[in-house]
Amino acid sequence: MSEKQGKANDTAKENEQEKNPWSHTICLPQTEFPMRGNLPQREPEIQKFWEENKVYKKILESRRKSGAPVFLLHDGPPYANGNFHTGHALNKILKDTINKYHTLQGKYVPYIPGWDCHGLPIELAVQKKLANKKDSSDKDPIIIRRESRAYATNFIKIQAKDQSRFGVFWDNSEVETLTPENQFNPSTFYYTMSPQYEASILKAFRDIYSKGHIYKGKKPVYWCPVTATAHAEAEIEYKEAVSPSIYVAFPASHKDLPQESFVVIWTTTPWTLPANLGVSFHPEFSYALYNTPAGHLLIAEGLEEKFFAATNLSFSAKESLSQEQISELTVQHPFLDRESKVLFGDHVTLEAGTGIVHTAPGHGMDDYKVGLDAGLEPYSPVDHYGRYTDEFPLMAGMKVKDANPKILELLQEKGRLIHSSEIRHQYPHSWRSHAPLIMRATPQWFFAMDGLRAEALREAGRTLWIPDWGENRFKAMIENRPDWCLSRQRHWGVPIPAFTCEKCGETHMSTHSLDHIISLVEQHGIEVWFDRAASELLPPGATCEKCGHNQFAKETDILDVWFDSGVSWYSVLKDRDDTPIPADVYLEGSDQHRGWFQSSLWPSLAIEGKAPFKRVITHGYILDEKGRAMSKSLGNGIEPNTDIIPKFGADILRLWVASEDYRTDNTIGMDKLSHLAESYRKIRNTFRYILGNLRDGKEVETLSSRDVTDKIDLYFLNELALLAEEITNAYEKYEFHMVYQKVLHFCTVTLSSQYFDIIRDRLYCDATPDASGSQTAEAARRRSSLSALKIISDALMVYLAPILSFTMEEIFQLTSNGKDSVFSQAWPNVSIWKNDSLAEEFESLWKLKDFANRQMEQLRKNDAIGSSTEAMVEISGQDLSTFSPDEIARAFVVSAVVRDSSLSPGILRVKKAEGEKCPRCWIHAPLTEKGLCPRCSSVVTI
RNA sequence: GGGCCUAUAGCUCAGUUGGUUAGAGCGCACCCCUGAUAAGGGUGAGGUCACUAGUUCGAAUCUAGUUAGGCCCA
């Protein structure tokens, strides 16, 4: 991949040779592998190599043919509405690292990345874009859907490029042909708006429906009475508004209570009182009955002062009520002939009001939830345009925004109004019409949880959670999650294919009708639902079960987008013959404990009766260098595409991913990346040194592992075996930061500082084999080290490939000269080099070397020596008895070691070396008539 | 406000069931080498284990609380 470095090096070398006449007789490192990675330029070439040679695809095919075991990491689809951020990079690189490790373990590892395409954020972005046009196309569902599809398609392609640039292994050839006009059913990736996927969303819905887990209920949503549409959270803006602030008395009776006793509530929405079905108390507050001119009033004691100040009332006596007494109260609606149920809930606070909350389950989320537990209906006698329905005959047809004064009058009349004033507060408004919103219960489709909850807990217990606390968090979430509301009152998504009888209003849905629609969607895509009339979507002869009528209207809600991605196991894995269910791994951010992991689990439980995953791995969030969340307003974000890859390259980003413990939150910043780049260079230079000595592999073509005979080489191969054990174990446990720690330590300390320093002399200066191939003992010593270096670099290259993919491929290409890839290699087994006794033998050697180094440092301070070869060491007769003095001298990188029986064991003495500096190898020794040391004299044959 | 998580040298991480002076790499300082050279080697300085109070003969490790930050809810 590179050839332009050679010349500068050559001239530099010629100059050196002039300085020292012996330089040309020694064997210096030579390599095409540059010291600096220059990754931003080089990586795209390597990516091109992978793509042009179809490396991923070929490995996959050969593994398929050989019947290799499958490892499946199922991709959670990112949302197709922007560039990839660092969080995406973390997620995708982690997945890729895992996949590559298992590929190198010889498995069949298909990676089918996905994209999530429907949903509100895209629809809102499209509407915003369309809003500038005056033709009100932003309100045309057909245009919205068309534009949304184009929008998502665009970002799929952008993110696909980002993903490939990160070095992620997948087949990206197919995605390039995707356009808004060319929507097809891909085999190398998935997207939730493909015709096949949209149809299988409906199939999954049908399967769950047919098993009885889907029902129609009511739930409050933010509703705009002006446009008669539901609003999502994102479409709400809070503005200051003036509302009535009233205290209302609900007649209460109990055997222990006097006549004229009242429960008092406070509300700012009097118009919701006709829908009142309950009064909520806090289960831990203390409540008391106060004797006042307005009657005996029950409020929370904690609000006594505030209440009497606000209402200008005073009390003559008070009496506490127990929680038990409260639960026995019978409470009447203030103006309707109806009981108001006593409820308890944590949503009751002492911040304002009376500590008792007016509860209308059809008009508020808290009210809905507490009502759900108590079995109350989400009652809301208000129509699409915010008018009371006939259910509240007194004011039927009146708009609720005009109703507040009327309700006040009514309360006054009945003597139920304790006090009335006004309040200025933040109130939700529509971002489109700017009108105040109301909450209103509408009919919606639900996925019932209760029938599956026990199974969900069982499956969660069977799943392996990384980190392990994920299990508790997940279980706590599924234990108390309410039924899943599947309906969304939006346009961009898969419709809920339900009908209403035009005559009697009965809902019409059956597996038969669902099957019919599914087959239409498979043929024509999802637009068929919107394009055709109800009669064209129903199977022939469909009639209303209730009244027998045959005219229907389509319902207009779409499915929650979480349902789309939640059935990816169904739509993607089930459809293929090479992807098992459950998948081995689901891996996403920890926010998905509530999101995708759950939306995947529930449908899978309903349809298959088991979880779609064996392991769930979560990573934390990415924070800036100060540990704060990245946000546009803080301006503290950094992006992979613009900030990281152009400056450092993808391998540095990958190294960052590997270096951090992803299970916690992680920080990133330019300083940190610069540090990582330093570590990268350490690793890179370690390889460079090996490659230089191996002459990019040419030097060792005739070598085999049998050539490793020297003790020192065997010792470092044992070190390699220990490392291999540790990092293989770390990969298996998905602890990549341990791989990083161990490998960096191995490169900088074990190899660079220890091993290379020791063998430098023999690599450079020992004899090379003569022309006939025969060799001296010294030549054999050199070959031993070269063979060991080859074994080390071959192994390390593969061990690091899942992390530093680009760099390891670069090295592999340089040394193999083939079309093959480093990723088609097998995980090297180096366990044969394990040697405990040798390791033990060397332990005392390193201890004494430390001792010698400290003494040498003293000599250096005194200007007695410079390099360690200017020193010699005297050791006791007993120390290191299994090593020869020469072996010890080489290991200490000093010129000589002499045994002195007068020294005590463990004590050594460092002195200036005797003899003269050999001009060839720089070791101090008595020189021969050639002017060289004995070893060099024998090597050089002039 | 609730549930869960995180906090060990400037940075990234170790620290097994509580047990001697809390470890490693990077970075930093100083020195050496100049045949890995925008490299390499040696030595060394850095920590009240976020804080507080407990349990214990003994706590980075166990308990409770506090602070800061994060995720999910409300």
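Only heavy atoms go into these numbers, but all of them, side chains included; no hydrogens, no water, no symmetry mates. Letters A, B, ... mirror the listed sequences (proteins, then strands); counts begin at 1.
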Could you identify the nucleotide paired to [N], looking across every strand shown and requiring Watson-Crick or G-U wobble geometry with both distances under 3.5 Å?
{"N": "B:G44", "answer": "B:C28"}
{"N": "B:C71", "answer": "B:G3"}
{"N": "B:U66", "answer": "B:A50"}

(request) Would you classify A:Lys742 as touching base, sugar-phosphate or nothing, given that sugar-phosphate means primed atoms plus P, OP1 and OP2, and contacts are heavy atoms under 4.0 Å? (result) nothing
(message) At 4.0 Å (heavy atoms only), tell me whether A:Val893 reaches a base, stays on the sugar-phosphate, or touches nothing.
(response) nothing
(request) Name the residue closer to the 5' end of RNA chain B, choosing between A:Asn472 and A:Cys921 according to the nucleotide with the nearest heavy atom. (result) A:Asn472
(request) Using the closest heavy atom to pick a nucleotide of RNA chain B for each, name whichever of A:Glu660 or A:Tyr621 lands nearer the 5' end. (result) A:Glu660
(request) Among A:Tyr715, A:Phe892, A:Phe851, find the residue that satisfies the ring-ring contact (aromatic ring centres under 6.0 Å, His included) test when tested with A:Trp846. (result) A:Tyr715
(message) Under the criterion of centre distance below 5.5 Å and interplanar angle below 30°, is A:Trp922 classified as stacked on the base of B:G35?
(response) yes
(request) Might you confirm whether atom NZ of A:Lys847 has over 12 heavy atoms from other residues, nucleotides or ligands at distances under 6.0 Å? (result) no
(request) Verify whether one side chain among A:Tyr764 and A:Asn693 offers a donor that lies under 3.5 Å from an acceptor in the other. (result) no
(message) With a 3.5 Å cut-off and heavy atoms only, can you find an N or O donor on one side and an acceptor on the other between the side chain of A:Gln741 and the base of B:G25?
(response) no
